[in-house]
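A short write-up of the structure that comes next.
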Amino acid sequence: MNGTTSASAGAMKAPTPFRLAILFDDADEASLARAATMRNGFDPTWFAPELWPARLARFSGLMRLAWQLRSRRPAALYAPVSRGANWGAILGVLFGIPVVTDSPRPGIARLARLVRGRYAAVGLDAAASLAKTSSAMTLALPAIEGVEHVLREVLQMGSSWTTTREGRLPMQLALGTRYGGSAMADRIEERGVSRPDRSVRFVGRPTLTVFLPERPIATGTAIVICPGGGYAGVTIDKEGHDVARWLAARGIAGLVLKYRLPQSDRGDAALPLPMADLDEALVVTRAHAAVWGIRSDRIGAMGFSAGGHMVAWASRSAGSPAFAILVYPVISMDRAITHAGSRKALLGKSPSDVMAGRYSFERAVTPDVCPTFIVHARDDTVAKPENSFVYLEALRAATVPVEAMICDQGGHGFGLGIHGGEVANWPDRCLEWIATTIAACWKPSS
């Protein structure tokens with residue numbers, strides 16, 4: 001874990017600017033005024049907006065728009081409030097074009113789910129508004145920043161790019177230089193409808209995507225994030241990018257590891273690919289610490305589900321992270337409590353007892369394991385809470401500093417807990433744990 005590595009760095013790439021069709025009803029002056037105002041406000045580095053008239057009161061107008069959408073095919077369709085724009089949004093969803101409207105349209109949302117389309121609403125009540133006054137009317141428009149944010153989220157669905165909280169492309173480093181990579185492209189499964197929820201089902205080349213905090217709030221702390229996915233995929237958004245953005249907004253650099261999936265036929269002696277990639281990610285982060293404004297002794301690791309298994313491995317390795325955060329982790333390969341899919345993907349169908357024991361991290365715990373914070377729900381039926389219970393017992397027996405938040409309800413895969421319930425409290429409690437247990441992380445960088 002103390003080796004050297006080289007990694008190529010650069011901004012993540014996206015196919016910008018995106019061609020954006022803004023619908024307006026050309027029989028409605030107010031609709032035209034809204035569309036024109038919005039067109040002039042879009043960031044040209046991200047969007048190339050065009051006004052698309054849609055007189056949909058007649059069947060011929062509907063057919064004309066359908067032909068335009070099919071033949072010219074914009075990257076996305078934005079439909080401000082108007083009767084004509086509603087029909088245009090429906091056509092966009094049917095043609096597989098990402099659609100954004102000013103306010104929620106339940107019918108369009110249901111259609112998008114039915115045809116596996118992409119649809120999202122800005123929501124005039126959720127976004128700041130601006131008023132533009134003419135001699136005849138006042139037009140309520142959503143803030144352009146809110147529209148751009150929603151458009152970027154919808155456009156990145158199913159893609160390989162993402163953005164920071166500020167709407168910029170983050171830095172990305174290619175890993176795998178020590179262990180080799182594949183020339184094959186990633187295979188991405190999109191599970192979201194209104195925002196990204198991607199699972200990377202095949203990783204050709206591992207990467208580390210870097211979300212740095214703004215300098216005034218930077219604490220000098222960084223966390224390498226290992227998303228879950230049962231070692232069969234990488235849940236890159238809700239257990240990766242979303243978490244990194246949340247951390248960066250609180251002064252902590254979030255570094256999302258897209259790791260290669262295991263190849264169980266590599267032999268018992270070979271280090272599994274996910275662990276090899278985490279090893280390199282920690283080395284790379286330490287190598288770039290000074291440039292990124294990070295203290296090399298304040299680099300932690302966070303893992304969700306199978307990603308928690310990876311972080312538990314790193315916690316006992318040479319050059320371990322400064323601290324570990326395990327969220328509904330898989331810990332053991334013991335058949336009685338393990339996640340069967342993770343065990344099979346990592347070790348194969350019939351691993352030896354020695355191999356299963358080697359990757360059961362509740363065993364042979366020593367005082368050298370780094371301080372650990374654990375989150376789990378008792379009703380988790382995927383990664384059984386017994387994984388955390390046995391690990392807690394082993395850590396305490398070895399006098400390793402550890403804190404646990406065991407919730408009665410929450411299930412599995414709750415990420416940052418944005419859907420509420422008791423598990424919604426874990427991120428803030430985790431920050432408190434870092435502040436009290438790893439107090440040095442919260443001093444200004446020197």
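L151 and A76 make their closest contact through CD2-CB, 4.1 Å (heavy atoms, listed as atom of the first residue, atom of the second, distance). T101 approaches A89 most closely through the heavy-atom pair CG2-CB, 4.2 Å. Closest non-hydrogen pair, V224 versus A281, comes out as CG1-CB, 4.2 Å.
Ion pair R205/D186 not flagged as a salt bridge, since none of the NZ, NE, NH1 or NH2 atoms sits closer than 4.0 Å to an Asp/Glu carboxylate oxygen. Using a 4.0 Å cut-off between charged side-chain N and carboxylate O, E362 and R316 make no salt bridge. A salt bridge does not link D334 with R343: every distance from a Lys NZ or Arg NE/NH1/NH2 to an Asp or Glu carboxylate oxygen is 4.0 Å or more. A salt bridge links E403 with R429: at least one charged nitrogen is closer than 4.0 Å to a carboxylate oxygen.
More than 12 heavy atoms of other residues, nucleotides or ligands lie within 6.0 Å of CD in E166, so this atom counts as buried by the packing criterion. Other residues, nucleotides and ligands contribute over 12 non-hydrogen atoms within 6.0 Å of the CD atom of E189.
Each of L155, L77, V150, L20 was compared with V100 under the side chain to side chain contact (heavy atoms under 4.5 Å, CB included) criterion, and only V150 meets it. The side chain to side chain contact (heavy atoms under 4.5 Å, CB included) test with I374 singles out one residue from L395, V327, I331, I325, and that residue is L395.
Side-chain contact check for C407 versus Q409: every heavy-atom pair is 4.5 Å or farther apart. Side chains of K384 and Y328 form no contact here, defined as non-hydrogen atoms less than 4.5 Å apart. Side-chain contact between M310 and L257: present, with at least one pair of heavy atoms (C-beta onward) separated by less than 4.5 Å. Side-chain contact check for F361 versus V311: every heavy-atom pair is 4.5 Å or farther apart.
There is no side-chain donor-acceptor pair under 3.5 Å between T235 and R198. Of the N and O atoms on the side chains of Y78 and D102, at least one donor lies less than 3.5 Å from an acceptor on the other residue. For the residue pair H309 / Y231, a side-chain donor-acceptor distance below 3.5 Å is found, with atom types taken as modelled.
Ring geometry for W292 against H288 counts as parallel: the plane angle stays under 30°, on a 0 to 90° scale with 60° as the upper cut. Between H241 and F211, the angle of the ring planes lies from 30° to 60°, which puts this pair in the tilted group.
Counting only residues at least two apart or in different chains, ring pair (Phe, Tyr, Trp, His ring centres under 6.0 Å) contacts with residues 365-411 comprise F373-W433.
Note that the CZ atom of R250 and the CG atom of D428 stand 6.5 Å from one another [nearest 0.5 Å].
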>> Could you go through H419 and F414, starting from their C-alpha distance and side-chain angles, then the distance that decides it, and tell me whether this counts as ring-ring contact (aromatic ring centres under 6.0 Å, His included)?
In response: CA-CA 8 Å; H419 297 299; F414 47 78; over 10 Å; no

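Aromatic ring centres of W46 and W161: separated by under 6.0 Å.
A donor-acceptor pair is defined here as one N or O able to donate and one able to accept, closer than 3.5 Å; no such pair exists between the side chain of S342 and the backbone of T338.
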